[in-house]
Amino acid sequence: MSERSIGNLVLRGTIWGIIGLIYAPLLVALREIFLEQGWGHWAYVPAAAIAGGVGAAFYGARQVAIMGALLGVAVGTVLLLFADGPISVWRVALPAAAVGLLAGSLVRFPDRCSLHVPGKTLSGLTTGAGCGLLLAAVEPLRPGGFPIAASVAFLVSVNGILYVASVRWWVDHVEHRLPCNAVEALVIALLAGLVAASVWIVSGPLAGIVDEAHDLIIRRMHESIAAAMLGAAMAGAVTGALLEAFDVKWVHDL
């Protein structure tokens, strides 16, 4: 194996490891939120779907991702600063999503579909939902469920492989049927809402505006995130290296 091949293998493994580090906290937070809503084992389905779609948007649709993240930080910060008492995550996430939807419907991006955000996001959503469904179906077979590190490692690797395998099909065969501006606005709204929720998770307990019930959820998140990030980073690095070793095409050209 040449030095260039080894370099590409290390590079791709590193990139995928970083993607795992980004994916894991989002998956853990979403899973805890849906568990609190009574989804049980099936909390993996919406959590993995949203995490997959958001990961795809951040990875491949830079203009939309930047706008959604900035709006989420701005709205989330303002709402926390002016909160006069404990507030729930929805009182931060939903207004941020509404602002993101409005802004996304008004702004026009220079690239067609903002670097194919509809196809990439749909690919991430569907592959994430499929992996979450499989995990939710088999987890009850194991007493006590799977360790969070193992679950996230499975989702990062399998979801990532399925995304790479399917994203071109979504871009080539489905995207042209969708209204780009509407999809961009929806994705920006989703990103803004999730980023604002992240601001609430990180800053809310410090500011004393999280009620006792939600504070317990955040504590469970914090207890799980370290193990989840370790499992996700290791799984991502190995998956990326294997994809490069087997000469699977990159999708950064989309």
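For the single chain, residues carry numbers from 1 onward in sequence order.
- The backbone N or O of P46 lies less than 3.5 Å from no partner atom in the side chain of W39, so there is not a single donor-acceptor pair.
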Worksheet item: side chain to side chain contact (heavy atoms under 4.5 Å, CB included) between V54 and L194: does it pass, once the steps are laid out?
Response: CA-CA 9 Å; V54 170; L194 287 173; 3.2 Å; yes
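- Heavy atoms only, all atoms of each residue included: K249 and R168 are closest at CB-NH2, 4.5 Å.
- In the hydrophobic clustering, V202 connects to no other residue, as no ILVMFWY side-chain heavy atoms lie under 4.5 Å from its own.
- When side chains are defined from C-beta on, L79 does not count as touching R91, because their heavy atoms never get closer than 4.5 Å.
- The heavy-atom pair separating Y44 from S151 by the smallest distance is OH-OG, 3.1 Å.
- Smallest separation of non-hydrogen atoms from G128 and A48: O-CB, 3.2 Å.
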Worksheet entry | Residues V158, Y163; criterion side chain to side chain contact (heavy atoms under 4.5 Å, CB included); working and verdict | CA-CA 8 Å; V158 178; Y163 172 78; over 6 Å; no
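- Counting only distance, with no hydrogens or angles, the side chain of S157 and the backbone of F154 share a donor-acceptor pair below 3.5 Å.
- Side chains of V174 and W169 form a contact here, defined as non-hydrogen atoms less than 4.5 Å apart.
- Counting only heavy atoms from C-beta outward, the side chains of W42 and L135 never approach each other to under 4.5 Å.
- Cluster annotation: Y23 is not connected to I18 through the hydrophobic network of ILVMFWY side chains, with a link wherever side-chain heavy atoms come within less than 4.5 Å.
- Transitive grouping of hydrophobic side chains (ILVMFWY, heavy atoms separated by less than 4.5 Å) keeps L35 and F146 in distinct clusters.
- Note: L230 CG to I148 CD1 = 12.5 Å, rounded to the nearest 0.5 Å.
- Annotation: M221, atom CE; neighbour count of heavy atoms from other residues, nucleotides and ligands within 6.0 Å is above 12.
- Looking at every heavy atom in both residues, N159 comes nearest to G124 through OD1-O, 4.3 Å.
- Note: I225 CD1 to I218 CD1 = 10.0 Å, rounded to the nearest 0.5 Å.
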Practice prompt. Please test V195 against L70 for side chain to side chain contact (heavy atoms under 4.5 Å, CB included), starting from the C-alpha separation and ending with a verdict.
Written response: CA-CA 8 Å; V195 171; L70 290 176; over 6 Å; no
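- When all heavy atoms of G100 and I188 are compared, the closest pair comes out as O-CG2, 3.4 Å.
- In terms of heavy-atom proximity, A57 sits nearest to A65 at O-CB, 3.8 Å.
- No continuous path of ILVMFWY side-chain contacts below 4.5 Å connects V78 to L191, so the two sit in separate hydrophobic clusters.
- Here the side chains of R142 and P147 are in contact, with some heavy-atom distance below 4.5 Å.
- For the atom pair NE2 of H222 and CD of E32, the computed distance is 11.0 Å after rounding to the nearest 0.5 Å.
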Worksheet entry | side chain to side chain contact (heavy atoms under 4.5 Å, CB included) between L186 and L101, intermediate numbers included | CA-CA 6 Å; L186 289 173; L101 185 65; 3.9 Å; yes
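- Atom CG of residue L26 and atom OG of residue S198 lie 7.0 Å apart, to the nearest 0.5 angstrom.
- A 4.5 Å side-chain heavy-atom check between M234 and V238 finds every atom pair outside the cut-off.
- Interatomic distance, CD of E244 versus CG of L9, reported as 6.0 Å (0.5 Å rounding).
- Side-chain contact between L80 and I209 is present, with at least one heavy-atom pair separated by less than 4.5 Å.
- Of the inter-residue distances, the one linking L190 atom CG with T121 atom OG1 reads 8.5 Å to the nearest 0.5 angstrom.
- Side-chain contact between F34 and I50 is present, with at least one heavy-atom pair separated by less than 4.5 Å.
- Proximity of R220 to I217: side-chain heavy atoms (C-beta onward) are separated by under 4.5 Å at one or more points.
- No side-chain donor-acceptor contact under 3.5 Å links S123 to the backbone of G119.
- A side-chain donor-acceptor contact under 3.5 Å links S105 to the backbone of L102.
- There is no path of hydrophobic side-chain contacts, each under 4.5 Å, that joins V187 to I22.
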